[in-house]
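Before I ask anything, let me first share the structure, which is written out below as structure tokens.
The first residue in the sequence is number 1, and the count goes up from there.
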Amino acid sequence: MLKQNLQFKLSQKLSPQQIQLMKLIQLPTQAFEQRLKQELEENPALDSGKEEQDNEFDDDFDNTQDDYNDDAETINSEDINVDEYLSDDEIPDYRTQANNYSSDDEEKTMPYAAGTSFTQHLISQLNTFRLTDEERDIAEFLVGSVDESGYIRRSTPDIMDDLAFTQNVYTTEERIDKVFNIVHQLDPSGVGARDLQECLSIQLHRKEKAADIVLATRIIDEAFDQFTKKHYQKLLHKFDISEDQLKDAIEEIERLNPKPGGSYSGNNRMVEHVVPDFAIRITDGELELTLNGRNAPELHVSREYNDMLKGYKDTTEKSKSQKDAVSFIKQKLDAAKWFIEAIKQRQQTLFLTMSAIMHYQKEYFLTGDERNLKPMILKDIADEINMDVSTVSRVANSKYVDTPYGTKLIKEFFSESMKNDQGEDVSTREIKMILGTVIEEEDKRKPLTDENLAGILKQKGYPIARRTVAKYREQLDVPVARLRKKI
């Protein structure tokens with residue numbers, strides 16, 4: 001039996017141009033500059049600079065449309081995978097490419113420091129030891145396994161297997177452990193440790209044997225678990241010592257380096273910088289917003305390509321090769337025109353979004369007092385500027401603004417609301433700030449539990465549950481009360 005059903009389906013598909021515009025909006029300043037450079041390299045019909053461009057291009061573009069339209073390829077929007085276009089893999093990370101120069105400044109580049117790598121630094125020290133060929137092979141393999149923090153986070157059996165399979169070195173766990181002891185003598189002290197306990201122990205054993213050092217060494221070697229959990233009473237009883245002795249030993253431990261690899265200055269790590277996308281200044285009591293000039297390049301359509309198109313128009317006899325050429329030229333000109341328009345839309349979207357955020361949080365930007373930050377979610381700004389929430393998110397999540405109070409990530413101005421005991425909406429950011437202050441001022445000998453903290457916040461006019469306090473505390477990267485205890 002044949003049945004006919006009429007169904008209505010409402011769907012929205014984004015064009016490739018719309019998708020590319022979204023990606024442009026998401027790019028921070030330095031990544032945007034890289035994208036601009038790439039487009040200028042790939043499209044010879046796009047030029048940068050202040051050259052004037054006449055308007056004859058539009059007429060020429062339209063008048064020759066019929067000459068190649070039959071052979072032109074069209075793109076079916078059904079074939080476009082939106083997820084592929086929105087892939088984060090193509091979006092550079094602002095932290096890897098930013099600097100702090102405006103478009104008016106001379107462009108400077110900070111070169112990488114020449115010199116040896118961390119691994120080479122360690123291998124060079126092996127030359128001071130008398131090693132057999134096998135020990136040398138094992139030592140170089142171990143040094144090559146040191147991670148950026150200075151640890152070798154692999155078990156001895158795994159290392160033994162890898163030596164056999166990858167280096168053709170057949171040895172025993174005992175020989176590997178012997179070479180480990182040699183690696184542990186290298187600088188910086190603690191390098192090559194397999195865990196934090198061993199790292200601290202190595203450093204302590206290499207210090208002079210003063211009383212507090214000896215006690216600190218015993219604590220790490222014999223009672224590491226109790227030390228990390230701050231069970232100070234158990235430590236006092238176990239080692240039969242006074243609080244002052246324990247305090248001195250703990251101070252020695254706190255002076256140690258838990259990441260010896262990070263202390264080596266020659267590891268050629270790139271220094272991370274942030275370039276502000278916007279700047280807010282206060283002039284005569286009013287806020288002034290500017291967009292980083294590097295986001296507003298001067299682009300125009302190539303005159304050379306425009307002249308090539310005009311030359312084709314004036315030609316009486318048009319060969320197939322000429323038609324193929326003009327098809328290519330038009331494709332590049334069309335892409336250039338679209339890119340210029342997309343840049344303008346990007347500028348407008350960025351400025352409009354940040355302007356709305358600035359006015360919404362006007363009291364904060366005038367004072368710098370974080371208690372003046374109003375509760376604000378993405379939808380508040382999206383409704384204000386009549387744009388989609390996803391557009392506001394793209395601006396907020398990846399952009400920085402230079403304010404009189406420092407450079408801030410824009411998404412930090414957003415927070416949920418919560419009512420205080422007066423029924424007023426307050427920002428959760430304000431509550432976190434007060435919570436952080438209370439924890440900072442607590443007696444570290446008797447840290448406040450989450451229940452205590454909830455009670456104090458309630459007294460201050462913020463009635464929130466203990467589990468909410470725990471969530472905010474974790475978001476502030478503050479450990480539980482027991483781990484905050486100091487002797």
Side-chain angles (χ1 to χ4, degrees), residues 116-207 213-231 234-235 238-239 249-250 252-269 477 479-480 482-483:
T116 60
S117 69
F118 187 25
T119 301
Q120 290 170 331
H121 171 68
L122 297 175
I123 289 177
S124 66
Q125 295 180 62
L126 293 176
N127 296 329
T128 63
F129 294 87
R130 183 169 295 174
L131 304 173
T132 65
D133 289 343
E134 181 189 54
E135 288 172 342
R136 178 80 185 190
D137 290 339
I138 296 173
E140 289 188 357
F141 184 83
L142 291 179
V143 164
S145 300
V146 173
D147 64 19
E148 61 181 10
S149 296
Y151 289 83
I152 299 176
R153 304 180 192 272
R154 308 183 63 195
S155 68
T156 302
D158 285 345
I159 292 172
M160 185 175 67
D161 290 342
D162 275 357
L163 280 167
F165 287 120
T166 65
Q167 308 297 315
N168 202 29
V169 175
Y170 297 90
T171 186
T172 64
E173 293 185 20
E174 289 75 17
R175 290 175 184 168
I176 293 174
D177 288 336
K178 178 184 176 182
V179 178
F180 255 116
N181 292 330
I182 295 172
V183 172
H184 292 164
Q185 297 177 48
L186 304 179
D187 289 323
S189 180
V191 72
R194 283 158 283 195
D195 53 40
L196 178 59
Q197 180 180 10
E198 188 174 46
C199 177
L200 301 179
S201 179
I202 292 169
Q203 295 178 59
L204 288 168
H205 280 283
R206 289 174 64 171
K207 287 179 173 287
I213 300 294
V214 172
L215 178 57
T217 305
R218 290 189 64 195
I219 289 173
I220 294 300
D221 289 345
E222 302 172 25
F224 184 73
D225 188 56
Q226 292 168 333
F227 167 74
T228 57
K229 293 180 179 178
K230 297 195 175 183
H231 289 160
K234 292 182 179 180
L235 293 175
K238 179 180 179 69
F239 296 105
I250 290 174
E252 286 294 338
I253 295 172
E254 289 176 343
R255 293 192 187 103
L256 303 176
N257 185 0
K259 293 184 178 181
S263 65
Y264 180 66
S265 61
N267 55 8
N268 289 344
R269 289 184 184 174
D477 289 328
V480 295
R482 177 171 52 79
L483 297 181

Could you check if a side-chain atom of V146 sits within less than 4.5 angstrom of a side-chain atom of Y151, using non-hydrogen atoms only?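 SC-SC contact between V146 and Y151 ruled out.
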Flag if over 12 foreign heavy atoms under 6.0 Å of CG, N181: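 Yes, CG of N181 has more than 12 neighbouring heavy atoms, counting only those of other groups under 6.0 Å.
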Measure the spacing between CZ of R218 and CZ of F227 and express it to the nearest 0.5 Å.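 R218 atom CZ to F227 atom CZ measures 15.5 Å (nearest 0.5 Å).
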Nearest atoms (heavy-atom pairs only) where V191 meets H184: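 Scanning both residues completely, I find the closest heavy atoms to be O-CD2, 3.6 Å.
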For residues M160 and I138, determine if any side-chain heavy atom of one lies less than 4.5 Å from a side-chain heavy atom of the other.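 With C-beta onward as the side chain, the pair stays apart.
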Walk me through it: do H205 and D221 pass the test side-chain hydrogen bond (donor to acceptor under 3.5 Å, both in side chains)? CA-CA 10 Å; H205 280 283; D221 289 345; 3.0 Å; yes
Sort out for me which residue in L163, N168, V169 forms a side chain to side chain contact (heavy atoms under 4.5 Å, CB included) with D137.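 So, applying the side chain to side chain contact (heavy atoms under 4.5 Å, CB included) to D137 and each of L163, N168, V169, only V169 qualifies.
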Quick one: closest heavy-atom pair of A216 and A249, and the distance?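 Minimum heavy-atom contact is CB-O, 3.7 Å.
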Within a strict 4.5 Å, meaning less than it, do heavy atoms of the I219 and F224 side chains meet?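 Heavy-atom side-chain distance check fails, nothing below 4.5 Å.
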Might you work through the side chain to side chain contact (heavy atoms under 4.5 Å, CB included) test for L256 and K207, ending with a clear yes or no? CA-CA 11 Å; L256 303 176; K207 287 179 173 287; 3.5 Å; yes
Are K178 and E135 close enough, and set up right, to give a salt bridge (Lys or Arg N to Asp or Glu O under 4.0 Å), and what steps lead you there? CA-CA 9 Å; K178 178 184 176 182; E135 288 172 342; 3.2 Å; yes
Please report the interatomic distance CG(L122) to CD(E140), rounded to the nearest 0.5 Å.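 Taking CG in L122 and CD in E140, the distance rounds to 11.5 Å.
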Would you check if I152 and D147 make a side-chain contact, meaning some heavy-atom pair closer than 4.5 Å?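 Heavy-atom side-chain distance check fails, nothing below 4.5 Å.
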Non-hydrogen side-chain atoms of F239 and L215 separated by less than 4.5 Å: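 With C-beta onward as the side chain, the pair touches.
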Residue pair V143 / L186, side-chain heavy-atom distance below 4.5 Å: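 Side chain of V143 against side chain of L186, heavy atoms only: contact under 4.5 Å found.
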Calculate, to the nearest 0.5 Å, the distance between atoms CD and CD1 belonging to Q125 and I182 respectively.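 Answer for the CD-CD1 pair, Q125 versus I182, is 13.0 Å.
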Is there side-chain contact between P258 and C199, with at least one heavy-atom pair below 4.5 Å?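 No; the side chains remain at least 4.5 Å from each other.
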If you look only at pairs with a residue in residues 181-194, which of them pass as a salt bridge (charged side-chain N to carboxylate O under 4.0 Å, His left out), with sequence neighbours excluded?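 Only D177-R194, D187-R206, R194-E198 qualify under salt bridge (charged side-chain N to carboxylate O under 4.0 Å, His left out).
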Does the pair L142 and I159 meet the rule for a side chain to side chain contact (heavy atoms under 4.5 Å, CB included), with working shown? CA-CA 8 Å; L142 291 179; I159 292 172; 3.7 Å; yes
Would you call N257 and K259 a side-chain contact if the rule is heavy atoms closer than 4.5 Å?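 In contact.
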Roughly how far, to the nearest 0.5 Å, is CZ of F129 from CZ of R136?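 Here the interatomic distance stands at 11.0 Å.
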Could you state the interatomic distance from CG (L200) to OG1 (T217), rounded to the nearest 0.5 Å?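 With rounding to 0.5 Å, CG (L200) is 10.0 Å from OG1 (T217).
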Spatial distance of atom CD (E173) from atom OG1 (T171) [nearest 0.5 Å]: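 So the gap between those two atoms works out to 10.0 Å.
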